[in-house]
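Below is one structure, written out as structure tokens; comments come after it.
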Protein chains: 2
Amino acid sequence: MHLPQTAEYALRAMACIALKKDGRPVPSKVLARATGIPSHYLSKILRKMVEADLVTSQKGHGGGFRLAKDPSEIKFRSILATVDYKIEPNSCVFGWDECDSDDPCPLHNTWSQLKDSFQWWAENTTLQDVIDDPGKAESLLNPINATKAD
Amino acid sequence: MHLPQTAEYALRAMACIALKKDGRPVPSKVLARATGIPSHYLSKILRKMVEADLVTSQKGHGGGFRLAKDPSEIKFRSILATVDYKIEPNSCVFGWDECDSDDPCPLHNTWSQLKDSFQWWAENTTLQDVIDDPGKAESLLNPINATKAD
DNA sequence: TTTTTAATAGATATACAAGTCTATTGATAA
DNA sequence: TTATCAATAGACTTGTATATCTATTAAAAA
């Protein structure tokens, strides 16, 4: 199971921003170091997040990115959709235009099992879940980087 | 939810071969038409399936491809792995080398939910499931193509 | 005002997946 | 034995995702 690189990056970046405890914005350079995402590439991803109203940005000294709304309102589905990882409920692995339980392709049932669980996950997982179970996140935006950002 | 094109093709092709009722092999051209896969590209995918011992091939007039073993023994995981869509159980969306419940990345738990369900699906779904629930498959290897192949 | 920090914009490059083309080999049927 | 069918092999092209680079704009601090 692996997402396209860009989609994976998007989740990493958003998770990191969500985990920033003080109210201060996270500069993209700090984020790049914490997530291992190439810095310029990350900037482009973040730009999309801004346009999708998932984060806000602030230019200049002390600037950076922060969440645009409550973490519980930012679904993984929205994050993925922003980097064009769309999950069309009616898409068919077989490439059929019309494929549903009335008119199923040979893979319809087997595929639906997976598709449905993905849909559920993307729809019901939010950045709040990341905050509730942050793992070893304390080391992410660590003192070294934090000092430079502060 | 979408697989890489090649992985999707692999599932389509294998499903079609599994659904061939008479014992005769399916020529790749017929398969290409039935699945919408570019014919030469399909050949490459099938070659990999042969090397992975999932299908056998027969050259010449009346030749083609057929399953190398019982459909119940061909897991989706094997099909996907053959076209390099690997599903490493220990892979981490965050890119960490070590990431498990003892030492989790910030996305470990949310991601594991999805990863586990994918793993289960790939491991427990076989071509037998496709045969048991073939959808509107009768139209796939239809008379027009079948005549040419026979 | 000047300097520094940091986002934004867009052109360019690289890598890899996807797709095409031509030729060859092997098997069957006539 | 000849003609035809079909897999195999591999070079080549195309397209797209990923990554890099340079320059510009905006804001804060000194």
message: Rounding to an integer number of Å, can you tell me how far D84(B) CG sits from dA18(C) C1'?
response: 14 Å
Residues touching DNA chain D, which here means a heavy atom under 4.0 Å, drawn from residues 2-9 of chain B: none
field: Student check: side-chain heavy atoms of T126(A) and F76(A) closer than 4.5 Å
entry: no
Only pairs under 3.5 Å count here: list side-chain donor-acceptor contacts from residues 64-75 of chain B, not counting sequence neighbours, and write none if there are none.
{"unit_1": "R66(B)", "atom_1": "NH1", "unit_2": "G23(B)", "atom_2": "O", "d": "2.6"}
{"unit_1": "D70(B)", "atom_1": "OD2", "unit_2": "S72(B)", "atom_2": "N", "d": "3.0"}
{"unit_1": "D70(B)", "atom_1": "OD2", "unit_2": "S72(B)", "atom_2": "OG", "d": "2.5"}
{"unit_1": "K75(B)", "atom_1": "NZ", "unit_2": "E123(B)", "atom_2": "OE2", "d": "2.4"}

query: Separation of K48(B) atom NZ from dT8(D) atom P, in whole Å?
result: 14 Å
- request: Would you please name every residue forming a side chain to side chain donor-acceptor pair (under 3.5 Å) with N109(A), sequence neighbours left out?
  value: D133(B)
query: If every non-hydrogen atom of I79(B) is compared with every non-hydrogen atom of L127(B), which pair is closest and at what distance?
result: CD1-CD2, 4.1 Å
Report, one line per pair, each donor and acceptor closer than 3.5 Å where one atom sits in a side chain of residues 6-18 of chain B; sequence neighbours left out.
{"unit_1": "T6(B)", "atom_1": "OG1", "unit_2": "Y41(B)", "atom_2": "OH", "d": "2.7"}
{"unit_1": "E8(B)", "atom_1": "OE2", "unit_2": "R12(B)", "atom_2": "NH2", "d": "2.6"}
{"unit_1": "R12(B)", "atom_1": "NE", "unit_2": "V93(A)", "atom_2": "O", "d": "2.7"}
{"unit_1": "R12(B)", "atom_1": "NE", "unit_2": "F94(A)", "atom_2": "O", "d": "3.4"}
{"unit_1": "R12(B)", "atom_1": "NH1", "unit_2": "F94(A)", "atom_2": "O", "d": "3.4"}
{"unit_1": "R12(B)", "atom_1": "NH1", "unit_2": "T35(B)", "atom_2": "O", "d": "2.7"}
{"unit_1": "R12(B)", "atom_1": "NH2", "unit_2": "V93(A)", "atom_2": "O", "d": "3.3"}

Results of side chain to side chain donor-acceptor pair (under 3.5 Å) for D84(B) - residues two or more places apart only: none
- prompt: In whole Å, what is the span from the CD atom of E51(A) to the P atom of dA7(C)?
  reply: 15 Å
Would you give me the side-chain donor-acceptor pairs under 3.5 Å for residues 42-56 of chain B, sequence neighbours excluded?
{"unit_1": "S43(B)", "atom_1": "OG", "unit_2": "S39(B)", "atom_2": "O", "d": "3.3"}
{"unit_1": "R47(B)", "atom_1": "NH1", "unit_2": "E51(B)", "atom_2": "OE2", "d": "3.1"}

field: Set of residues satisfying side chain to side chain donor-acceptor pair (under 3.5 Å) with respect to D116(B), sequence neighbours excluded
entry: none
Provide a list of protein-nucleic acid N or O atom pairs under 3.5 angstrom, restricted to nucleotides 10-15 of chain C.
{"unit_1": "dA11(C)", "atom_1": "N6", "unit_2": "K44(A)", "atom_2": "NZ", "d": "3.0"}

message: Expressed as a whole number of angstroms, how long is the span from I45(B):CD1 to dT8(D):C1'?
response: 15 Å
message: Please confirm whether the shortest side-chain N or O distance from S57(B) to OP1 or OP2 of dA6(D) is below 4.0 Å.
response: no
field: Side-chain heavy-atom pair W120(A), Q113(B) within 4.5 angstrom cut-off
entry: yes
message: Tell me whether the side-chain N/O atoms of R47(B) come closer than 4.0 Å to OP1 or OP2 in dA9(D).
response: yes
query: Considering only heavy atoms from C-beta outward, does the side chain of P89(A) approach that of Q119(A) to under 4.5 Å?
result: yes
task: Calculate the interatomic distance between Y41(B) atom OH and dG10(D) atom C1'; express it in whole Å.
output: 15 Å
Distances for protein N or O near nucleotides 26-30 of chain C N or O, under 3.5 Å:
{"unit_1": "dG26(C)", "atom_1": "O4'", "unit_2": "K59(B)", "atom_2": "NZ", "d": "3.2"}
{"unit_1": "dG26(C)", "atom_1": "N2", "unit_2": "G60(B)", "atom_2": "N", "d": "3.0"}
{"unit_1": "dT28(C)", "atom_1": "OP1", "unit_2": "Q58(B)", "atom_2": "NE2", "d": "3.2"}

Interatomic distance where CD1 belongs to I37(B) and P belongs to dT20(C) [whole Å]: 12 Å
message: Can you measure L42(A) atom CG to dA19(D) atom C1' for me and round it to whole angstrom units?
response: 12 Å
- prompt: What residues, two or more places apart in sequence or in another chain, satisfy ring pair (Phe, Tyr, Trp, His ring centres under 6.0 Å) together with H2(B)?
  reply: Y85(A)
message: Quick check: do P106(B) and W111(B) have side-chain heavy atoms less than 4.5 Å from each other?
response: no
- prompt: What is the bend of the helix from dT1(C)-dA30(D) to dA30(C)-dT1(D) when you compare the axis at one end with the axis at the other, using five pairs each and rounding to 10°?
  reply: 0°
- prompt: What is the distance, rounded to the nearest whole Å, between atom OH of Y85(B) and atom C1' of dC16(C)?
  reply: 16 Å
query: Yes or no on side chain to side chain contact (heavy atoms under 4.5 Å, CB included) for W121(A) and K115(B), after CA distance, side-chain angles and deciding distance?
result: CA-CA 10 Å; W121(A) 175 83; K115(B) 194 171 61 177; over 6 Å; no
Side chain to side chain donor-acceptor pair (under 3.5 Å) partners for D132(B), two or more places apart: Q128(B)
